[in-house]
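Following: one structure in C-alpha cells, then a few remarks.
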Amino acid sequence: YTILSYELSGKNVRPASSAVLDAYVVPMCLERAKRGGIPVAEWGISQGYVPLPSIVYGLNYFATSADFFLVTDDEKAKEVIAHVTNKGKYPFCYQKIPPDATIHSCVSIFGRTADSCAAIAGLAEKIYQLFSIPLVTMVFVKTGDEYLLSSLSPTKYSRISIDERELLTAYLSHQ
C-alpha cells in the first residue's frame, strides 16, 4: 500500500505497484517475462485437466505463487486440483514439464544471486530489470542446460541464507 500511496501522490516508485502485482500472479508474470525476452515454462489455465508431469499453481484470492505442487500421477493431480481450486470453484495454472526436468529455486537480491545460483545470474539480472523487485524468490524448470522461469514469489528475510544476507548487506552498504 505504501507503493500505491506514493504513486497516487505523483512520486516515481520502483518497483511500481503494477510490476509487483504482475510478478506474483503466475500467468501475468510469465507473459510479462516472455515479452521481456526471458525464457519461460509453457503454461495453461484449467479447472480440471492437467497434463502429467506438471507444476500446478493456484489462481484464487488466497493462492500465493510461493506455493506450487509437482504432480506426476493422476491420484496426486486429483488431490492437488481439489485443493488449489477449492473443489472446482477457481481455475489453476499448470506448466507441463518433461519427465527429466528438475525444479530449482534461487533468491535474487537486486538482480544478483549468491554463488549457489550462479547458473541463472543473467536471468536474475533480466528479471530485476523487468520487475524491479529487490528481493524475490525465482523458481525455474531446468531441462538439459536451459532454465525456464516458472514463477516469482516474495522472499522473507528470515528465510535467506547467510550468503544471501551478506549479498544484501553489501548491496545496501554501497548505496
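Only this structure's heavy atoms are used, side chains among them; waters, hydrogens and symmetry mates stay out. From a predicted model like this one, the values you see are computed outputs, not experimental measurements.
- Taking each heavy atom of P134 and P15 in turn, the nearest pair found is CD-CD, 4.2 Å.
- Geometric assessment of R112 against the ring of Y171 yields a negative cation-pi assignment under the 6.0 Å and 45° thresholds.
- Scanning both residues, S65 and L152, for their nearest heavy atoms gives OG-O, 2.6 Å.
- S151 and Y57 form a side-chain donor-acceptor contact under 3.5 Å, judged by distance and modelled atom types alone.
- Put simply, I38 and Y24 are part of the same group of oily side chains (I, L, V, M, F, W, Y) that touch within less than 4.5 Å, one to the next.
- Under the 3.5 Å distance criterion, the side-chain polar atoms of E164 are matched with a main-chain donor or acceptor of S161.
- Side-chain contact between L149 and Y147 is absent, with no heavy atoms from C-beta onward closer than 4.5 Å.
- I133 CD1 to R14 CZ: the interatomic distance, rounded to the nearest 0.5 Å, is 11.0 Å.
- The 12-atom threshold is exceeded at CG of D73, counting heavy atoms of other residues, nucleotides or ligands nearer than 6.0 Å.
- Considering CD1 of I109 and CG of L172, their distance stands at 9.0 Å, rounded to 0.5 Å.
- Remark: side-chain polar atoms of E7 are not paired, donor with acceptor, to backbone N or O of V13 under 3.5 angstrom.
- Looking at heavy atoms from C-beta onward, W43 lies out of side-chain contact with K34 at the 4.5 angstrom threshold.
- In this structure the side chain of Q47 never reaches within 4.5 angstrom of the side chain of T85, judged on heavy atoms.
- V107 places none of its side-chain heavy atoms less than 4.5 Å from the side chain of T113.
- Linking ILVMFWY side-chain heavy atoms closer than 4.5 Å, directly or via other members, places F69 and L52 in a single hydrophobic cluster.
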Criterion side chain to side chain contact (heavy atoms under 4.5 Å, CB included) on V139 and H104, from CA distance to verdict: CA-CA 6 Å; V139 176; H104 297 270; over 6 Å; no

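- Donor-acceptor pairing under 3.5 Å is recorded for the side chains of T137 and T155.
- Side-chain contact check for L21 versus V25: every heavy-atom pair is 4.5 Å or farther apart.
- Side-chain contact, S54 with Q95: no donor N or O sits under 3.5 Å from an acceptor N or O.
- Linking Ile, Leu, Val, Met, Phe, Trp and Tyr residues whenever their side-chain heavy atoms come within less than 4.5 Å leaves F140 and Y128 in two separate clusters.
- Residues S150 and I55 approach most closely at OG-CD1, 3.9 Å, considering heavy atoms.
- Using a 4.5 Å heavy-atom cutoff, the side chains of P53 and K96 are in contact.
- Of all the heavy atoms in F62 and N60, the pair that sits closest is N-OD1, 2.7 Å.
- Pairing each heavy atom of G48 with each of I81, the nearest pair is O-CD1, 3.1 Å.
- Residues L123 and F110 fall into different hydrophobic clusters, defined by Ile, Leu, Val, Met, Phe, Trp and Tyr side chains chained together at heavy-atom separations under 4.5 Å.
- Rounded to the nearest 0.5 Å, atoms OH (Y49) and CZ (F92) are 9.5 Å apart.
- Between E146 and T143, some side-chain heavy-atom pair lies under the 4.5 Å cut-off.
- Residues L59 and P27 come closest through the heavy atom pair CD2-CD, 3.6 Å.
- For L8, the CG atom is densely surrounded, since the number of other residues' heavy atoms within 6.0 Å is greater than 12.
- Looking at heavy atoms from C-beta onward, Y90 lies out of side-chain contact with V84 at the 4.5 angstrom threshold.
- To the nearest 0.5 Å, the span separating CD on E42 from CG on L148 amounts to 8.5 Å.
- Under the 4.5 Å side-chain heavy-atom criterion for ILVMFWY residues, a single connected hydrophobic cluster contains both L30 and I120.
- Interatomic distance, CG of D74 versus NZ of K76, reported as 13.5 Å (0.5 Å rounding).
- The CD1 atom of I97 lies 9.0 Å from the OG1 atom of T72; values are rounded to the nearest 0.5 Å.
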